[in-house]
2 protein chains.
Amino acid sequence: MSRVLVVDDDPQLLRALRITLRAAGHEVVTAADGRTALHEAASAHPDVVVLDLGLPDLDGTEVLDGLRPWFSGPVLVLSARGDSHDKVAALDAGADDYVSKPFDMSELLARLRALLRRGAPEVDEPVVRTPHFTVDLAARQVTVDGVPVRLTPTEWALLSELVRAPGRLVGQRQLLQSVWGPAYEKETNYLRVYLAQLRRKLEPDPAAPRYLRTEPGMGYRFTP
Amino acid sequence: MSRVLVVDDDPQLLRALRITLRAAGHEVVTAADGRTALHEAASAHPDVVVLDLGLPDLDGTEVLDGLRPWFSGPVLVLSARGDSHDKVAALDAGADDYVSKPFDMSELLARLRALLRRGAPEVDEPVVRTPHFTVDLAARQVTVDGVPVRLTPTEWALLSELVRAPGRLVGQRQLLQSVWGPAYEKETNYLRVYLAQLRRKLEPDPAAPRYLRTEPGMGYRFTP
DNA sequence: GCCGGTCTTGACGGGTTCCTGACGCGGGAG
DNA sequence: CTCCCGCGTCAGGAACCCGTCAAGACCGGC
C-alpha cells in the first residue's frame, strides 16, 4: 500500500514493527541509526517515517532537521521519554505526531492511517485518463475528447467503482453491493443495463468495448 | 491567525481553552454540545476543530461522522478515556489526533501547530470572475457587468459554497449541511428555490443556466 | 402596531431516470 | 446437435427530481 521508513536502534522493536506493518499491508524500510535513516529516506522515497528519538549517533531533532528541508511526508516520532517538553520540541521541530513508549501497536497503526489518509489526497491522482476519455473523481466530471458528458447518479456510481481499481477485476457482487446496496447482490441484469449505457457514452465503439471489459461469469474490468 | 472551533461540555475547560488559544493568537469559536458543534462548524468555517468525545447529546463518533463528509480541516479529539481501543476508533472515524485528559496545555498547542502547519494554506483566490459576473469572497460582494448586486444572507452562503469549488460538483447534502445545518439534509426544495433566485440575479439567461449548473440527482456545479 | 424584506412551505407540470421484462445471440456442456 | 446459461439490447411505465410560483410565517426597523 504505502512505504514506511522505520528508524529505531532496538532490533527487537524494529522486528516487531516490520512484521506488524507488513501485515497491515505496508512496504517497510528500516534504519538503525540517524545517518542510515537520512540516507534511506533519500533513496527509498518513503511515504511516511516512524522515527525513534533515542538513536546512537544523532539526536532525534538532528534527524528531523536533516529530513524536513526536503521530505514533505508525515513523520511520526517515537520516544521513551514522555514529558510534554520533549513532545513540544519534537512537534515544533517538524514531527506530525508523537507517541511515547511503551505504546500500543494498534494505536500506532491507527495514527499512521490518520497521517497517510491526510497525505494521500495530494499524491493520489484523482483524475484517470485514457486515450479517449478522462474521469475526474474529485470534480465528478467525465469528458470524452474534451467535451463534458453527463452521467446519471447510478452511472457515475458504477463508473467510479470501476475506475477506482484500474486494471483490476471487480466482481459483480461487489459492484451491485456498492452501487445498489447489499440487498441487490443477485440483480446482475442491472449491471448489464448500466454497463451498456456507460459504454454508449464513453467507448469509441460500444459494440467492441475497449476500456470497460466484461469478464464472463466474474465481473467487469476497467483497463486504461 | 487561524480559527479554532472548540467543542466541550465542561464550561471550565472551555474557558481555559478559550483563554489559552486566544493568547496563542487563534480566533476561538465554542460549542457545548454536538448539535451546536455541527452547526458552528458549518457557519463559522473553522480551520481546525478540537472535539471532546464526551458530549451530552451526541456520541463523539456521530459528530465526526456529521463533520467529515464536508469538513476537510484537521480534527483533534479530546477524551477522558485513554485506552487504545477508543483511540483507534476515533482516529479511524476521521480524527487526525487524539489527546487523553488530563492533558498538558503546551502539548495540545504544539499538536495544534503541527496540524495547522500541515493543513492546506487555503490561499484561495478571494475573487472569482466569469465573463458576466464577479464574486469577491473577501468583500462579500457580487457585481454583474460592473454593477453591485444585493444578495440575502442565505443566497450568499449558498453562492460562496459553490464558488469555493470552481468546476467541481458540490453534493446537495453538502450544500444543505453547510448553509442550513445538518438537520436540513433532506430539504432539497430549499436548494431549488435559492438556486432559482441566484440564477435570476446572476445568469444572463436564467432559463438556460450557464454558470450555476445542476446535475440531476447529485448536486450543483459552478463553472467559470 | 405597521411595514418591508427574507425565509419557509406547499403544490404543480414537465422532463429525466430507474426499474423491469422480453428478446436474440453465442459459447460451453451434455 | 441441442440445450441452457450468461450477456447485450431495447422499450415502456412508474417513480423521482427539478424549476416555478405563490402564499403564509417570521423578524427587524420605524
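Proteins get letters first, then strands, A, B, ... in listed order; numbering begins at 1 in each.
- Among the protein residues, B:Gln172 comes within range of the sugar-phosphate backbone only, with heavy atoms under 4.0 Å from sugar or phosphate atoms but none that close to a base.
- Rounded to a whole Å, the CG atom of A:Asn189 is 18 Å from the P atom of D:dA11.
- Atom pair A:Leu151:CG and C:dC18:P shows a separation of 10 Å (rounding to whole Å applied).
- Between B:Lys87 and A:Asp104 there is no salt bridge, since none of the side-chain N atoms of the basic residue sits less than 4.0 Å from a carboxylate O of the acidic one.
- B:Leu195 CG to B:Glu155 CD: the interatomic distance, rounded to the nearest 0.5 Å, is 10.5 Å.
- Within residues 206-224 of chain B, the residues having any heavy atom under 4.0 Å from DNA chain D are, by residue number, B:Thr214, B:Gly217, B:Tyr220.
- Distance B:Glu187 CD to C:dC7 C1': 13 Å, rounded to the nearest Å.
- One atom, CG of A:Leu191, and another, C1' of D:dT9, lie 15 Å apart when rounded to the nearest Å.
- Distances shown here put every side-chain N or O of A:Tyr190 at or beyond 4.0 Å from the OP1 or OP2 atom of C:dC19.
- Residue A:Phe71 places its CZ atom among more than 12 non-hydrogen atoms of other residues, nucleotides or ligands, all under 6.0 Å distant.
- Side-chain N/O atoms of A:Tyr211 and A:Thr223 include no donor and acceptor closer than 3.5 Å.
- Picking from D:dC7, D:dT9, C:dT8 the nucleotide with the shortest atom distance to the side chain of B:Val193 gives C:dT8.
- Of the side-chain N and O atoms in B:Arg199, none sit less than 4.0 angstrom from OP1 or OP2 of D:dC18.
- Dashed line: the shortest gap from a side-chain N or O of B:Thr152 to OP1 or OP2 of C:dC7 is under 4.0 Å.
- The listed nucleotides are D:dC18, C:dT9, C:dT6; the one nearest the side chain of B:Pro153 is C:dT6.
- Distances shorter than 4.0 Å separate some side-chain N or O of B:Trp180 from OP1 or OP2 on C:dT8.
- Under a 4.0 Å N-O distance rule, the pair B:Lys101/B:Asp52 qualifies as a salt bridge.
- Nearest to the side-chain atoms of A:Arg150 among the listed nucleotides C:dT17, C:dG5, D:dC10 stands C:dT17.
- The distance between atom NZ of A:Lys201 and atom P of C:dT17, rounded to the nearest whole Å, is 6 Å.
- In this structure, of C:dC7, C:dC19, D:dT20, it is C:dC7 that holds the atom nearest to the side chain of B:Thr154.
- The distance between atom CG of B:Leu175 and atom P of D:dC18, rounded to the nearest whole Å, is 12 Å.
- A straight line from CD of B:Glu203 to P of D:dT20 spans 11 Å, rounded to a whole angstrom.
- Note on B:Arg118 versus A:Asp96: salt bridge recorded, some NZ/NE/NH1/NH2 to OD/OE distance being below 4.0 Å.
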Begin from the C-alpha positions of A:Arg3 and A:Asp47 and carry the test salt bridge (Lys or Arg N to Asp or Glu O under 4.0 Å) through to its verdict. CA-CA 5 Å; A:Arg3 199 169 310 154; A:Asp47 298 304; 5.6 Å; no

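- Protein atom NZ of B:Lys186 is 11 Å distant from nucleotide atom P of D:dC17, rounded to whole Å.
- Place B:Gln197 and B:Arg192 on DNA chain C by their nearest nucleotides, and B:Gln197 ends up nearer the 5' end.
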